[in-house]
Structures are given as structure tokens and as C-alpha cells.
Amino acid sequence: MSLVFFDDHSWQKLQPLTLTKPVSHLRCGIDTLKEKWEQHMSCATSGYITTAYLQKQFKAPSPGTYLLINGSVFPDAVLCAKIHALPKNSVLVHGETILAAHTETASQMRLQDVFTLLHQLQKVKHDEPFLKLTHLWDIFGLNGKVLETDFIRITQGRVSAQLPKSNQILGAGKLFAEEDVQAEACIFNTGTGSIYLGKHTEVMEGTVIRGAFALCEGAQVKLSTKIYGATTIGPHCRVGGEVNNSVMQAYSNKGHDGFLGNSVIGEWCNLGADTNNSNLKNNYGEVDIYDYAEKKHKSTGLQFCGLFMGDHSKCGINTMFNTGTVVGVSANIFGAGFPPKFIPSFSWGGFNRDIAFRIDKALELALRVMERRNYAPSKEELAVLDHLYQNRENE
């Protein structure tokens, strides 16, 4: 049996991070939702059912029998056991939320066909609690809890590599280092949460890290960085300065001093030196952010909420982001003062919506950045950026 991930309404709520990918490819905790499901279910992924323009890159499944998985839902032992036991042509539901289904398809399904089909299947109720990404802030909000469960799953029955004696490990919690971790003269405090150091990572001298924390494969922490949990630095990211309860997805840089707090940074982003974001309003009130689904600002209900940045966006040195700022895909932000709280995709400067980052220049920059990491994008991946550019007025 193989897995097929489908997107529900959360895909819109999680934009701009999902403008370039299905929800199952988002990272929260140590790995992505897709990777969590594959390990929990001991199954490979054979396709996706998502919005039409992404379907060219994230292929729909061929006809066959599958376990359809809601890509915004986190797996757990009880839920996975329930899914494994699903009879054929049945759907697992929790209230109005469709969690999974065991079904056979005779042809490739489009996203609009999925829910019609699933509502026709025999319903099996799941009354146990579960975790789900519904809003952007869930990614950092759930990060601590998810990171701890990921830590147990990934490290159980395994032995950590030993760090050099120049490091100090504080607290009664756990630290696990994969092979080829470089770390000297650093302080790791596990008293506030587990710390996971992935393969081929580096933590430079003078760094202080409080768990829960994950440094994913190939990532690097710069000199004298200060990190508070619950924070995840995704694969091949570079991070420096001060970071608190944030998630960097993959291949992004915050290589210099500056504060990043209660934030989520997409892939292939770069924050210029001394970039700072506010995560608390001066009046200590609830933070509102731009909601892509409803095309207006809405309250998060949170007192602490920072920056959300879509893939391929960049900002210049000394950029100051307001509390609850949302940045689209491939925006190039620079200039004096605070940028607006919502910066659409392909903005040039970020202050004037009438000036766009030309698509030829945006693609040229994306290719240059990817080449530096020895990453070769597919034609379909670049076509997604072109589609977003042609439809940027929809934002």
C-alpha cells in the first residue's frame, strides 16, 4: 500500500508557504509531514492531490488502491493504527475533518473530485485528539510538542555521536548528534527540551542553545548565536544572531546578527545583516496578520507572532519587520522604514505594489542561489514561479 496526500482548506490558510508546495511538504518539528507519515506508516508516497498549478510538479497518482492522507494532519500511533485497519472504500473522519481514506481510483483525481468521492465512502469515526496545521502560526506554535515526539521517533534505540569535551551540556534532558557534527566551545541546555543535531551540521564557537531545538542535515549555526526553543533550523540553512521559537524550512539564510522570533521562513530565503522582526506589539495586544484565504487581515489570538516569509524572498540589511508581517514568494525587500505588514509576491522594494520584481530577473536570481547549493530545479519547479508571477494580482 502506498500513500497519496491531499490538501484540504488549510492549503489556502497556510499561504504564502504553500503557494509553492502541498501542505505535506511543510516542516514542523524535525522533518516534514510527508516524511513523518512515511516513517510512521512504513509506506512510500506515490502522489499528491493538490491545486492544479502545483500538480505538474507534485504528480497525481496513477489509478490504483491507496491510503489517502490529509497532508495537514500529523501522524501518531493511535491514528496510524486506525488508518491501517480501515476497510477498503472507507474514510476516517473526526467531526467534519477528513483524516484519511482507503480507496481505489480508476483515474487520476483532481482536488475538486476528492471531497465528492470521500463523502460517498463509508465513514469511520476517530474520536481521539490529533494535531493539525490549520493556520500559519501553528507551525511555530506546535513546533515544541512535535519536535519532542519526532526526537523520540528518530533517536529511539540509537546511540548519539559524542561531542568534543569543549562543549557544555546542561540539564537533565536529551541531546542526540548524528554523524559528522562539528561543535566546539558551545553550551547546549537540554533542561528546556531535547536537542537534535543532524548529519553534517556545524555549531560554531560561543553559541548558546536552549531546547527544544533541531538542526537539520547540512545546516550551520554561526559564531556566538543565541537560540531559544522551540526552534527548528531546516536542512542546509545558515543561522546567526538571536532566534526564538521559529522554523526555517530549508536552504535559507539568516547568517548575521538580528532578531527572529515566533516566525516561519520558507525555502531559498535570505535575511540581510541586522534584519529584525517584532514579535510583540507595543500595546501587548493580539497580533493580526494577512489571511490569504479571506484576503484581509485577521486576528491570530496571539500576543507573540512575528514574520512569515514565502519561498525565494529576500530582504536587505537593516530591514525592520512589523509584528505579524506576511511576505509572499520571490519578493525583494529593501528601503528605509518599516515595510508594510503584507508584502505580495514579486514585490520590488516592498513599499509600492505597482513595481514588480521582473520574472526574468527573479528566475535568474533563483537559479543563481540554487546553483550555489548544487541544487538543480526542475522545469516544473520553475514553472510554478512563473505561474505565481502571472497571477500575482490575485494576492
Colleague: Has Asn276 got a side-chain atom pairing as donor or acceptor with Gly258's backbone, closer than 3.5 angstrom?
Modeller: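 No, Asn276 side chain to Gly258 backbone: no donor-acceptor pair under 3.5 Å.
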Colleague: Determine, stepwise, if the pair Phe346 / Tyr389 fulfils ring pair (Phe, Tyr, Trp, His ring centres under 6.0 Å).
Modeller: CA-CA 7 Å; Phe346 298 95; Tyr389 180 82; 5.2 Å; yes
Colleague: Is it true that Lys298 and Asp288 make a salt bridge, defined as a side-chain N closer than 4.0 Å to a carboxylate O?
Modeller: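 So Lys298 does not pair with Asp288 through a salt bridge.
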Colleague: Given 3.5 Å as the limit, does a donor-acceptor pair link the side chain of Lys34 with the main chain of Phe5, or not?
Modeller: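 Here the side-chain-to-backbone pair does not exist.
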Colleague: Mind running side-chain contact (heavy atoms from CB on, under 4.5 Å) on Leu131 and Val73 for me, showing each step along the way?
Modeller: CA-CA 6 Å; Leu131 297 181; Val73 173; over 6 Å; no
Colleague: Show your reasoning for whether side-chain contact (heavy atoms from CB on, under 4.5 Å) applies to His126 and Val93.
Modeller: CA-CA 6 Å; His126 180 69; Val93 298; over 6 Å; no
Colleague: Would a line drawn from the ring center of Trp348 to the ring center of Phe334 be shorter than 6.0 Å?
Modeller: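 Yes; Phe334 has its ring centre under 6.0 Å from that of Trp348.
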Colleague: Does the Asn167 side chain pair with the main chain of Leu163, one donor and one acceptor, at a distance under 3.5 Å?
Modeller: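 Flag not set: sc Asn167 to bb Leu163 has no pair under 3.5 Å.
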Colleague: Has Asn253 got a side-chain atom pairing as donor or acceptor with Gly255's backbone, closer than 3.5 angstrom?
Modeller: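 A pair under 3.5 Å: no.
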Colleague: Answer yes if the ring centres of Tyr251 and Tyr375 are under 6.0 angstrom apart, and no otherwise.
Modeller: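 So the answer is yes for these two rings.
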Colleague: Can Thr45 and Glu38 be counted as having a side-chain donor-acceptor contact under 3.5 angstrom?
Modeller: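 Result is yes, a qualifying pair exists.
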Colleague: Test your reading of the model: is there a side-chain donor-acceptor pair from Glu202 to the backbone of Gln220, 3.5 Å cut-off?
Modeller: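 No; judged by distance alone, with no hydrogens or angles, the pair does not exist.
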Colleague: Ile343 versus Ile333: any side-chain heavy-atom pair under 4.5 Å?
Modeller: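 Of all side-chain heavy-atom pairs linking Ile333 with Ile343, at least one is under 4.5 Å.
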Colleague: Step through the shown structure and confirm whether more than 12 heavy atoms of other residues, nucleotides or ligands are within 6.0 Å of NZ on Lys281.
Modeller: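 Yes.
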Colleague: Are Asp180 and Lys199 close enough for a salt bridge, meaning some N to O gap below 4.0 Å?
Modeller: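 Looking at Lys199 together with Asp180, the answer is no, because their closest N to O distance does not fall below 4.0 Å.
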Colleague: As an exercise, state the distance from CG of Asp311 to OG of Ser252, rounded to the nearest 0.5 Å.
Modeller: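 With rounding to 0.5 Å, CG (Asp311) is 7.0 Å from OG (Ser252).
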Colleague: Counting only heavy atoms not in Ile317 (residues, nucleotides, ligands), do more than 12 fall under 6.0 Å from its CD1?
Modeller: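 Check fails, neighbour count at 12 or below.
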Colleague: Would you sort out whether Val203 and Gln182 count as a side-chain contact (heavy atoms from CB on, under 4.5 Å), showing the intermediate values?
Modeller: CA-CA 6 Å; Val203 185; Gln182 300 179 53; over 6 Å; no
Colleague: With a 6.0 Å cut-off on ring centres, are Tyr292 and Phe342 close enough?
Modeller: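 Aromatic pair counts; centres sit under 6.0 Å.
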Colleague: Could you check whether His25 and Phe58 have their ring centres less than 6.0 Å apart?
Modeller: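 Yes - the distance between ring centres of Phe58 and His25 falls below the 6.0 Å cut-off.
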Colleague: Look only at the side chain of Glu205 and the backbone of Ser224, and say whether a donor-acceptor pair between them is shorter than 3.5 Å.
Modeller: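 Not a single qualifying donor-acceptor pair exists.
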Colleague: Is it the case that the side chains of Lys174 and Thr190 hold a donor-acceptor pair, with the cut-off being a distance below 3.5 Å and no angle test?
Modeller: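 Short answer, no.
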Colleague: So, Lys13 and Glu294, do they make that salt bridge, N to O below 4.0 Å?
Modeller: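 Yes, this pair counts.
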Colleague: How about Leu92 and Ile83: do any of their side-chain heavy atoms sit closer than 4.5 Å?
Modeller: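 With C-beta onward as the side chain, the pair touches.
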Colleague: Strictly below 4.0 Å, N to O, side chains only: are Asp8 and Lys132 in salt-bridge contact?
Modeller: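 A salt bridge links Asp8 with Lys132.
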Colleague: Quick check on Lys361: does its NZ atom have over 12 non-hydrogen neighbours (other residues, nucleotides or ligands) under 6.0 Å away?
Modeller: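 For Lys361, atom NZ is not crowded (no more than 12 foreign heavy atoms under 6.0 Å).
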Colleague: Is Glu178 salt-bridged to Arg158, cutoff N-O under 4.0 Å?
Modeller: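 Salt bridge between Glu178 and Arg158, a charged N being under 4.0 Å from a carboxylate O: yes.
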Colleague: Ser90 side chain to Lys88 main-chain N or O, any donor-acceptor pair under 3.5 Å?
Modeller: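 Not confirmed, Ser90 side chain does not pair with Lys88 backbone.
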Colleague: Checking Thr18 against Gln15: is there a side-chain donor and acceptor pair closer than 3.5 Å?
Modeller: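 Side-chain D/A pair, Gln15 to Thr18: absent.
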Colleague: Does the pair Thr65 and Thr103 meet the rule for a side-chain contact (heavy atoms from CB on, under 4.5 Å), with working shown?
Modeller: CA-CA 6 Å; Thr65 302; Thr103 185; over 6 Å; no
Colleague: Within the 3.5 Å criterion, strictly below it, is a donor on Glu267 or Gln249 matched to an acceptor on the partner's side chain?
Modeller: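 Side chains of Glu267 and Gln249: no pair found under 3.5 Å.
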Colleague: Counting only N and O atoms by type, is there a donor-acceptor contact under 3.5 Å from the side chain of Glu35 to the main-chain atoms of Thr32?
Modeller: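 Yes, the answer is positive, given that a donor and an acceptor are paired below the 3.5 Å cut-off.
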Colleague: For Lys254 and His256, indicate whether the former's side chain and the latter's backbone hold a donor-acceptor pair under 3.5 Å.
Modeller: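 Pair found, side chain donor or acceptor close to backbone of His256.
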Colleague: CD of Gln39: more than 12 outside heavy atoms within 6.0 angstrom?
Modeller: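 Above 12, so yes.
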Colleague: Got a salt bridge between Asp127 and Lys125, using NZ or NE/NH1/NH2 to carboxylate O under 4.0 Å?
Modeller: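 No, this pair does not count.
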Colleague: Would you find more than 12 non-hydrogen atoms of other residues, nucleotides or ligands less than 6.0 Å from Lys82 atom NZ?
Modeller: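 Result for NZ/Lys82: enclosed.
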Colleague: Can you tell me if Thr50 and Gln55 form a side-chain donor-acceptor pair at under 3.5 Å?
Modeller: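 No - no donor-acceptor pair under 3.5 Å links their side chains.
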Colleague: Please check: side-chain N/O of Asn279 versus main-chain N/O of Ser263, any donor-acceptor pairing under 3.5 Å?
Modeller: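 Such a contact is absent between Asn279 side chain and Ser263 backbone.
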Colleague: Does any non-hydrogen side-chain atom of Leu175 lie less than 4.5 Å from one of Tyr196?
Modeller: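 A side-chain contact under 4.5 Å is absent here.
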